[in-house]
Amino acid sequence: MNFFVVIVFYANFLYVSADSDNMQDTCPTAPGEQSIFFINGYPCKNPTQINAQDFKSTKLTVAGDTDNYLQSSVTLLTASGFPGLNTLGLSVSRTDLERDGSVPFHSHPRSSELLFVVKGVVFAGFVDTNNKIFQTVLRKGDVFVFPKGLLHFCLSGGFERATAFSFYNSQNPGVVNIGGVFGIDQEHIKNMTRSLVTGSGSRVTNGDEL
């Protein structure tokens with residue numbers, strides 16, 4: 001009986017120690033506030049000063065700057081730049097890809113990612129812990145999920161610019177780039193990512209599942 005009580009207590013402790021639900025309805029990030037404690041999230045805005053604009057952002061309405069080697073741009077919006085997200089466990093990003101643009105292998109240690117294509121054609125995929133590759137073609141309106149912590153990538157698969165939005169179940173998903181970790185140059189990472197895509201070059205050929 002005592003053993004059972006211990007097991008129940010331990011299970012309950014693990015549950016309570018996980019990320020908890022909100023303690024209040026909303027907690028928009030307080031602008032310019034610096035906490036003297038190291039906590040998950042940001043200090044809350046004074047409730048009497050909260051307004052509808054705290055829950056709206058226009059930062060993803062404009063395409064990112066793709067004038068770079070990867071010909072891509074990822075604009076991540078978290079609670080630090082979108083006050084209304086604070087304590088909700090959510091964040092969002094916009095990915096813009098030129099015709100030959102790519103977002104090479106990376107992972108998010110604290111979040112899964114739901115990719116929603118709104119324009120163009122995108123090749124996307126991830127590698128699981130058995131080193132199995134799951135990759136496919138996404139078109140406007142398609143959705144693809146990258147499981148938490150797994151290496152994943154996306155690249156343009158059509159003849160025009162592609163745009164996608166991603167949603168994360170963490171207000172700070174984090175990003176680990178394998179090039180940065182191992183000191184591998186961007187060209188090698190980009191070529192390695194594209195080498196996974198079968199077919200003719202990096203354009204859509206036959207079939208969607210690669």
Side-chain angles (χ1 to χ4, degrees), residues 19 29 40-42 55-128 133-158 160-181 186 189-190 192-194 196-197 202 204 208-210:
D19 290 344
T29 305
N40 284 323
Y42 299 92
F55 306 97
K56 173 185 176 180
S57 176
T58 60
K59 294 181 178 180
L60 300 184
T61 59
V62 179
D65 182 9
T66 57
D67 185 17
N68 53 65
Y69 177 75
L70 295 175
Q71 295 182 277
S72 66
S73 172
V74 178
T75 305
L76 177 63
L77 194 55
T78 66
S80 62
F82 187 0
L85 291 177
N86 195 33
T87 75
L88 298 184
L90 298 170
S91 52
V92 60
S93 69
R94 171 176 176 152
T95 300
D96 292 287
L97 300 165
E98 292 295 342
R99 178 182 174 184
D100 292 313
S102 65
V103 179
F105 277 115
H106 64 283
S107 68
H108 304 293
R110 294 182 289 273
S111 176
S112 295
E113 176 182 352
L114 197 64
L115 182 74
F116 174 54
V117 177
V118 297
K119 178 183 178 181
V121 180
V122 175
F123 283 116
F126 65 88
V127 181
D128 70 6
I133 301 173
F134 299 83
Q135 54 185 352
T136 190
V137 176
L138 305 172
R139 295 180 175 82
K140 180 179 179 179
D142 288 343
V143 178
F144 192 69
V145 63
F146 302 121
K148 177 180 178 180
L150 298 185
L151 287 173
H152 58 279
F153 68 92
C154 66
L155 51 89
S156 177
E160 62 177 349
R161 188 186 185 102
T163 302
F165 288 90
S166 292
F167 306 91
Y168 310 86
N169 60 336
S170 169
Q171 71 177 49
N172 185 21
V175 180
V176 177
N177 293 301
I178 60 174
V181 172
Q186 288 187 330
I189 297 296
K190 182 177 181 179
M192 182 175 65
T193 301
R194 286 195 173 277
L196 292 176
V197 180
S202 59
V204 177
D208 284 355
E209 188 165 347
L210 306 177

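These values consider heavy atoms only, across backbone and side chains, with no hydrogens, waters or symmetry-generated copies.
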Any donor and acceptor pair, going by atom type alone, linking the side chain of [X] with main-chain N or O of [Y] inside 3.5 Å?
X: Thr29; Y: Asn86; result: no
X: Lys59; Y: Gly81; result: yes
X: Asn169; Y: Ser112; result: yes

Measure the [atom1]-[atom2] distance between [X] and [Y] for me, rounded to the nearest 0.5 Å.
X: Thr95; Y: Phe116; atom1: OG1; atom2: CZ; value: 13.5 Å
X: Arg161; Y: Ser156; atom1: CZ; atom2: OG; value: 10.0 Å
X: His152; Y: Leu115; atom1: NE2; atom2: CG; value: 8.5 Å
X: Asp100; Y: Leu70; atom1: CG; atom2: CG; value: 12.0 Å
X: Asn68; Y: Ser73; atom1: CG; atom2: OG; value: 7.0 Å
X: Lys140; Y: Thr163; atom1: NZ; atom2: OG1; value: 11.0 Å

Next item on the list: Quick one: list whatever passes side chain to side chain contact (heavy atoms under 4.5 Å, CB included) with Thr61, sequence neighbours left out.
Entry: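 Here the qualifying residues are Thr58.
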Check: Can you name the residues that form a side chain to side chain contact (heavy atoms under 4.5 Å, CB included) with Pro109, not counting sequence neighbours?
Finding: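 Partners of Pro109 by the side chain to side chain contact (heavy atoms under 4.5 Å, CB included) criterion, ordered by chain and then number, come out as Val176.
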Checklist line | Contacts of Phe82 that satisfy ring-ring contact (aromatic ring centres under 6.0 Å, His included) - sequence neighbours left out | finding: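 ring-ring contact (aromatic ring centres under 6.0 Å, His included) list for Phe82, sorted by chain: empty.
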Check: Ser57: what forms a side chain to side chain donor-acceptor pair (under 3.5 Å) with it, not counting sequence neighbours?
Finding: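 Expected list: none.
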Next item on the list: Please name all residues satisfying side chain to side chain donor-acceptor pair (under 3.5 Å) with Ser80, sequence neighbours left out, ordered by chain then number.
Entry: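 For Ser80 the side chain to side chain donor-acceptor pair (under 3.5 Å) partners, ignoring immediate neighbours, are Thr78.
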Considering all heavy atoms of both residues, which atom of [X] and which atom of [Y] are nearest to each other, and what is their separation?
X: Ser93; Y: Leu60; answer: C-CD1, 4.2 Å
X: Phe126; Y: Val145; answer: CE2-O, 3.7 Å
X: Leu150; Y: Ser107; answer: O-CB, 3.7 Å
X: Ser170; Y: Ser91; answer: O-OG, 2.6 Å
X: Asp67; Y: Asp65; answer: N-OD1, 3.0 Å
X: Ser102; Y: Pro104; answer: O-CD, 3.6 Å

Checklist line | salt bridge (Lys or Arg N to Asp or Glu O under 4.0 Å) contacts touching residues 73-94 (sequence neighbours left out) | finding: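 Every pair satisfying salt bridge (Lys or Arg N to Asp or Glu O under 4.0 Å) with a residue in residues 73-94: Arg94-Asp96.
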Check: Hey, does Phe153 have a side-chain heavy atom less than 4.5 Å from the side chain of Val103?
Finding: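 Of all side-chain heavy-atom pairs linking Phe153 with Val103, none is under 4.5 Å.
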Next item on the list: Answer yes or no: is there a side-chain heavy-atom contact under 4.5 Å between Leu97 and Leu155?
Entry: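 When only atoms from C-beta onward are counted, Leu155 and Leu97 do not touch, as no gap falls below 4.5 Å.
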Next item on the list: Show your working on side-chain contact (heavy atoms from CB on, under 4.5 Å) between Tyr168 and Leu90 and close with a plain yes or no.
Entry: CA-CA 6 Å; Tyr168 310 86; Leu90 298 170; over 6 Å; no
Item checked: ring-ring contact (aromatic ring centres under 6.0 Å, His included) between Phe146 and Phe144, worked out -> CA-CA 7 Å; Phe146 302 121; Phe144 192 69; 5.4 Å; yes
